[in-house]
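Everything on this sheet refers to the single structure shown next.
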Amino acid sequence: MLLLSGPNMGGNELKYVTECIETGWVSSVGAYVDQFEKMTAEFAGTQYAVATSSGTTALHICLVMMGVDQNDYIITPNITFIATCNSIKYTGADPILIDADEKNWQMDLDLLQEFLENETEQKNGACHYKKDGRRIPVIMPVHVLGNICDLDRLLGLAQQYNLVVIEDSTEALGSYYKGKHAGSFGLMGTFSYNGNKVITTGGGGMVVTNDEALAKKAKHLTTQAKSDPFEYIHDEIGYNYRLVNVAAAMGVAQMEQLPGFLQRKKEIIAFYKNALEGVGDISFQEVDEAVNPNWWLPTIKTSKQREVLKALNDDKMQSRPFWVPMNQLRMFKNNIFYNKTDRSNHIYQHCLSIPCSTNITDTDLQRVADKIKSCF
Ligand SMILES: *Cc1c(COP(=O)(O)O)cnc(C)c1O
């Protein structure tokens with residue numbers, strides 16, 4: 001099976017992991033955790049980085065630090081991976097789902113602005129949903145597929161309406177907006193190291209921020225809120241959300257190869273764009289010129305979505321439909337879904353992601369492209 005986006009462990013992974021095992025430094029503290037955090041902060045251009053057990057727990061801990069609870073709403077796109085909305089629900093809050101932009105598949109900023117203008121009001125310097133008075137403390141944009149919306153506009157709206165920005169940049173390691181790295185724009189940003197992401201630690205995540213107090217607090221909360229190095233004194237309800245050293249060792253080895261991986265992702269999208277140009281009604285997501293995306297997961301849009309999916313998977317080339325939009329899932333069908341024509345559904349019914357592991361060969365890329373072409 002040709003994997004959709006599998007791990008590429010061709011570097012120092014085995015060496016560093018072996019070192020952890022031989023020295024016994026396998027668990028929740030260790031030099032690799034510190035090094036992985038330092039490398040990530042440097043790469044993302046933030047002052048601080050705090051490793052977590054997953055991207056989901058990274059998002060959750062950010063919301064916990066903002067004091068989000070069941071009286072709150074969090075604004076987020078309707079097209080995202082479930083982890084975004086799950087992290088919101090863990091706090092008791094509800095997502096407000098904004099429909100997608102039909103061109104770049106990110107949160108539609110016209111709709112966002114309209115929602116904020118018409119449906120919210122300011123009370124005591126905080127944003128509230130007019131209909132029930134619940135607070136909207138945070139907006140959580142998602143850099144869907146490593147692409148980025150018009151961030152200047154989004155940040156401007158967030159400031160105008162007193163919304164804290166927490167970036168779900170879990171798909172956007174290696175993506176830039178106006179030369180600045182994803183995750184470094186909001187008060188906090190997040191990364192994921194799940195097996196299908198640009199780099200992987202098997203599973204893992206990261207919170208990045210320029211705020212020292214928040215970085216310290218994130219470390220504290222993810223370490224069971226232990227407040228004494230010797231005695232088991234804990235000063236609040238904490239979480240066991242740490243990344244273990246053996247996973248961080250993999251992360252360090254992966255970070256060493258990240259520039260090469262990003263280069264390969266760019267070659268892969270260039271190959272597909274060239275090979276599939278003018279084939280049927282195939283199109284790709286639009287990328288603004290201010291954005292330099294990581295091209296994490298090349299995804300095509302076509303009315304023959306189901307035929308192409310079947311042809312590829314039948315031939316052991318793993319490809320996947322886009323996520324089911326959040327408003328169509330049982331848990332969120334009663335949530336606010338702000339839209340005009342439900343573009344999320346259109347995107348969902350037309351898009352599919354195609355094989356793009358960084359170690360895919362050019363021969364396999366050609367096989368995938370030929371198989372897709374044969375559907376038209
Ligand atoms: C991968 C991902 C996450 C985090 O996933 P984990 O598997 O918990 O690391 C969160 N949001 C989005 C949009 C993602 O794609």
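Numbering of residues begins at 1 and proceeds along the displayed sequence. Just follow the structure's listing: the first ligand is 1, and inside any ligand the first atom is 1.
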Can you tell me how the ring of H60 sits relative to the ring of Y239, calling it parallel under 30°, perpendicular over 60° and tilted otherwise?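 H60 vs Y239 ring planes: perpendicular.
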
Under 4.0 Å from a heavy atom of [X]: which atoms of ligand 1 are those, numbered in the order shown and with their elements?
{"X": "V142", "value": "13 (C)"}
{"X": "F81", "value": "2 (C), 12 (C), 13 (C), 14 (C), 15 (O)"}
{"X": "T84", "value": "11 (N), 13 (C)"}
{"X": "S192", "value": "1 (C), 4 (C), 5 (O), 6 (P), 9 (O)"}
{"X": "N194", "value": "7 (O)"}

Among M140, E171, K197, which residue places a heavy atom closest to atom 2 (C) of ligand 1?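 Nearest heavy atom to atom 2 (C) of ligand 1 lies in K197.
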
Which protein heavy atom lies closest to [atom], and at what distance to 0.1 Å?
{"atom": "atom 8 (O) of ligand 1", "value": "T56 OG1, 2.4 Å"}
{"atom": "atom 11 (N) of ligand 1", "value": "D168 OD2, 2.8 Å"}
{"atom": "atom 3 (C) of ligand 1", "value": "T170 OG1, 3.5 Å"}

With salt bridge (charged side-chain N to carboxylate O under 4.0 Å, His left out) as the test, pick out the partner of R135 among D69, D72, D94.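 Going through the options one by one, the only one that passes is D72.
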
Specify side chain, backbone, both or neither for T80, according to which of its non-hydrogen atoms lie closer than 4.0 Å to ligand 1. side chain

Does K304 make a cation-pi contact with F376, if we ask for NZ or CZ under 6.0 Å from the ring centre and within 45° of the axis?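 Positive - K304 is close enough to the ring of F376 and near enough to its axis.
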
Could you tell me if R134 sits above the aromatic ring of Y73, with its cationic atom closer than 6.0 Å to the ring centre and no more than 45 degrees from the axis?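 Satisfied, under 6.0 Å and within 45°.
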
Looking at V33 and N245, what are the two nearest heavy atoms and their distance?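 In this case the closest contact between V33 and N245 is N-OD1, 3.1 Å.
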
Would a hydrophobic clustering, with Ile, Leu, Val, Met, Phe, Trp and Tyr connected at side-chain separations under 4.5 Å, put I75 with M66? no

Can you confirm whether R343 sits close enough to N339 that some side-chain heavy atom of one is under 4.5 Å from a side-chain heavy atom of the other? no

